[in-house]
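All heavy atoms count here, side chains included; hydrogens, waters and symmetry mates do not. Predicted, not measured: the structure shown is a model, and the values here were computed from it. Counting convention: from 1, in listed order, for ligands and their atoms alike.
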Amino acid sequence: MIERQPARDRRLPILEIAPPAPSAGRTAAEPGDERLGEFRPEPRALPAFYVWTLGCQMNRSDSEEMSGRLLAAGATEAPTMEAADLVVINTCAIRELAEAKVIGRQGHLGRLKAANPSLRIVLTGCAVRERDREGLGRRYPAVDLFLRPDEEPELIDRLGLASAQGPVGAVGATTIVGRTVVGVADHLAATRSAAVAGGTVQRSSTVSAWLPIIYGCDKTCTYCIVPFSRGPERSRPFDEIVDEAQTLAAAGFREVTLLGQNVNSYGHDLPVESRFGHVRTARWAGRQLDLGSRPDLAELIRAIDGIRTADGAPAIPRLRFITSHPWDLSDRLIEALADCPSVCEALHLPVQSGDDDVLRRMGRQYTTEHYLERLAKIRAAVPGITISTDIIVGFCGETEAQFERTLRFLESVRYDQVFAAAYSERPGTPATHLPDDVQAAEKRRRLNALLALQEPIGLERNRAWLGRDVEVLVDTVARERSHDHDEPEAVGQEMAGEGSGPGGVRPGPGEVALSGRTRGNKLVHLAGPTDWLGRLVTVRVQHAGPYALRGKPRADGVAELHLGDLGRMASQPSVSDLGGRAPTGR
Ligand code: 5AD
Ligand code: SF4
């Protein structure tokens with residue numbers, strides 16, 4: 001059943017921002033003539049905001065949009081949560097631990113509110129699910145306003161800041177599909193395009209950009225909260241994505257990552273167009289969806305790869321996409337990966353388990369045989385491609401023998417990187433009807449056993465790069481390890497063995513410890529000047545650990561810098577975070 005809920009019936013209040021402190025915020029420029037006094041606008045509070053983002057790349061991308069809207073509305077960015085009048089928390093709900101992290105900060109946030117009565121807190125992201133709304137106030141007592149992910153474009157209006165910036169693109173109504181409340185079908189695509197056209201996406205890097213292509217998820221994975229928090233799949237119109245890619249290319253971005261919970265099903269919900277008449281791929285298993293005459297991911301990748309510089313090189317040298325579901329990974333996509341020079345030689349292909357019974361209970365809709373067939377085809381088409389995966393251990397009813405099959409599977413596939421986590425029951429998901437019967441200690445044991453098995457495999461995969469030259473897109477000035485473990489730390493970024501600085505790098509005079517990624521998404525530590533940030537540097541690999549490489553830049557191997565101010569990027573955290581997890585599987 002599809003039912004429209006008018007905007008006026010919504011239960012959430014408009015949030016009042018308290019009047020400004022005398023020195024805080026900005027006021028409108030005042031004309032000198034006294035007689036105009038009565039026409040002057042009331043001084044408005046324009047808060048200093050801080051956005052705390054947890055979880056996946058989609059959340060990071062969403063936060064860039066929210067920050068941009070706040071800045072366009074005249075608000076300023078606060079350097080810390082403590083210095084802010086408005087805290088926006090963009091939550092993840094993929095595992096209980098992710099939610100617990102924010103629940104655990106409620107006391108701290110409450111104390112900040114006591115010290116600063118004008119402080120307001122907005123909570124959005126995947127922890128805000130309609131069926132849960134009653135419990136939200138109880139679990140997050142410091143929060144003033146809850147917004148579902150599809151309500152994020154309304155942030156400004158709901159804060160009462162709309163008058164300061166003009167309409168962002170009203171969204172208003174919601175739709176109920178079954179028991180899930182989601183936004184009106186197309187508004188996320190429309191508000192995204194408006195934000196891109198208005199130049200208000202506050203990109204957190206000037207080198208690498210996120211580019212959302214599909215919102216929501218239609219999959220039936222029984223453990224997963226995403227379909228309940230983000231609703232059904234809605235693809236962005238093809239031309240709007242290509243336009244955004246063109247804007248990014250013109251702005252000098254070197255790397256673009258196409259984002260979606262399942263990018264491989266891109267396009268199936270878009271209107272039929274004769275120009276896509278050659279697209280004839282059907283889905284691989286289960287439900288057959290007619291993709292004929294609609295764009296698919298392969299078509300989109302070819303179009304973005306086709307944006308070229310005057311000398312014919314791809315204008316965006318590195319194109320990535322995440323996340324792929326093995327069920328929808330078509331031959332057309334594999335051919336596009338092989339044909340397009342900008343597509344990086346790296347694929348994240350979550351398998352979740354190496355046992356077919358567990359996969360069936362997980363509702364993954366493929367068998368290990370199907371997965372291995374796809375993988376063989378990809379490896380044949382793109383030799384040397386880096387493959388990473390996600391694994392859940394201790395899923396409902398997972399026996400020791402079934403877990404052992406996952407270990408044997410990892411041994412035979414030999415992944416470059418494995419992101420593993422213990423199963424965490426999520427309220428409202430279909431798996432709540434199955435007994436969560438693997439004890440916590442046993443889940444932990446299996447997780448450790450899996451990571452211990454994978455470590456030498458990762459090392460072996462990385463050793464294959466020793467002595468070779470790799471192209472590194474430098475994106476981080478390495479920091480000394482901090483003791484504030486607020487965000488998961490990628491322990492794998494630390495190199496074992498000799499060397500004193502981060503990553504085992506010993507910077508010389510005028511140098512700092514830097515890091516970046518190869519096209520195959522391998523983390524590489526190197527020493528060099530800070531102005532290498534954002535550049536492509538050729539590095540000779542001299543040391544390989546299980547999670548990272550280290551090498552010496554080649555004297556002639558630093559590409560021209562196309563970019564302006566890189567100051568912002570230097571302060572970005574360096575964690576490469578797939579679903580909020582470090583390679584240690586925490
Ligand atoms: N428990 C543990 N891990 C989960 N994931 C998704 N849902 C759960 C859950 N309930 C993992 C999957 C997915 C990744 C993003 O998070 O491995 O691929
Ligand atoms: Fe939401 Fe999933 Fe991203 Fe977590 S990983 S923020 S649950 S979409």
Side-chain angles (χ1 to χ4, degrees), residues 53-61 91-101 125-127 129 132 149 216-230 257 259-265 321-329 347-355 358-359 361-366 371 387-398 403 406 409-410 413 415 417-440 442-444 446-447 450-451 454 488 490 575-586:
T53 307
L54 299 100
C56 64
Q57 290 90 338
M58 189 58 97
N59 263 20
R60 290 175 188 214
S61 170
T91 58
C92 173
I94 202 97
R95 281 172 291 276
E96 195 181 354
L97 203 67
E99 285 189 303
K101 206 181 228 177
C126 292
R129 299 179 297 280
D132 219 9
C217 184
D218 282 353
K219 285 285 172 285
T220 52
C221 306
T222 54
Y223 50 80
C224 188
I225 197 84
V226 172
F228 302 90
S229 58
R230 296 205 172 246
T257 304
L259 290 184
Q261 260 67 43
N262 175 21
V263 284
N264 293 7
S265 66
F321 53 93
I322 195 166
T323 298
S324 290
H325 191 293
W327 186 42
D328 298 315
L329 201 116
L347 183 70
H348 185 63
L349 195 61
V351 67
Q352 311 298 359
S353 168
D355 179 85
V358 175
L359 286 177
R361 284 202 296 282
M362 288 178 164
R364 290 291 285 177
Q365 299 173 301
Y366 56 80
Y371 183 97
I387 307 282
S388 54
T389 201
D390 288 348
I391 302 275
I392 298 176
V393 300
F395 185 65
C396 308
E398 185 188 69
F403 170 65
T406 297
F409 189 85
L410 295 192
V413 170
Y415 288 104
Q417 201 167 15
V418 173
F419 298 86
Y423 171 61
S424 165
E425 187 175 275
R426 306 290 43 229
T429 57
T432 53
H433 300 298
L434 301 170
D436 180 12
D437 51 3
V438 180
Q439 298 307 306
E442 178 59 15
K443 284 179 183 166
R444 167 61 47 192
R446 290 183 189 178
L447 190 58
L450 186 145
L451 294 167
Q454 173 58 30
V575 177
S576 165
D577 179 9
L578 294 160
R581 278 170 302 166
T584 48
R586 277 177 300 162

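- Judged by distance alone, with hydrogens and angles left aside, the side-chain atoms of Asn264 form a donor-acceptor pair with the main-chain N or O of His325 at under 3.5 Å.
- Under 4.0 angstrom from ligand 1, the non-hydrogen atoms of Gln352 all belong to its side chain.
- Taking every non-hydrogen atom of Ile94 and a distance limit under 4.0 Å, the qualifying atoms of ligand 1 come out as 5 (N), 6 (C), 7 (N), 8 (C), 9 (C), 10 (N), 16 (O).
- Residue-level proximity to ligand 1 for Ile392 is carried by the side chain, the only part with a heavy atom below 4.0 angstrom.
- Each of the atoms 10 (N) of ligand 1 lies under 4.0 Å from some heavy atom of Arg426.
- Taking any N or O of Tyr423, backbone or side chain, none lies under 3.5 Å from an N or O belonging to ligand 1.
- Only the backbone of Ala422 comes within 4.0 Å of ligand 1, judged by heavy-atom distances.
- Aromatic ring orientation, Tyr371 versus Tyr366: tilted (interplanar angle from 30° to 60°).
- Ring geometry, Phe409 versus Tyr415: the interplanar angle falls from 30° to 60°, so the pair is classed tilted.
- Checking only distances, Glu425 never comes within under 3.5 Å of ligand 1, N or O to N or O.
- The two residues Asn59 and Thr91 come nearest to each other via the heavy atoms ND2-O, 2.8 Å.
- Scanning both residues, Ser324 and Leu347, for their nearest heavy atoms gives OG-CD1, 3.9 Å.
- Salt-bridge check for Arg361 with Asp355: failed, with every basic side-chain N at 4.0 Å or more from each acidic carboxylate O.
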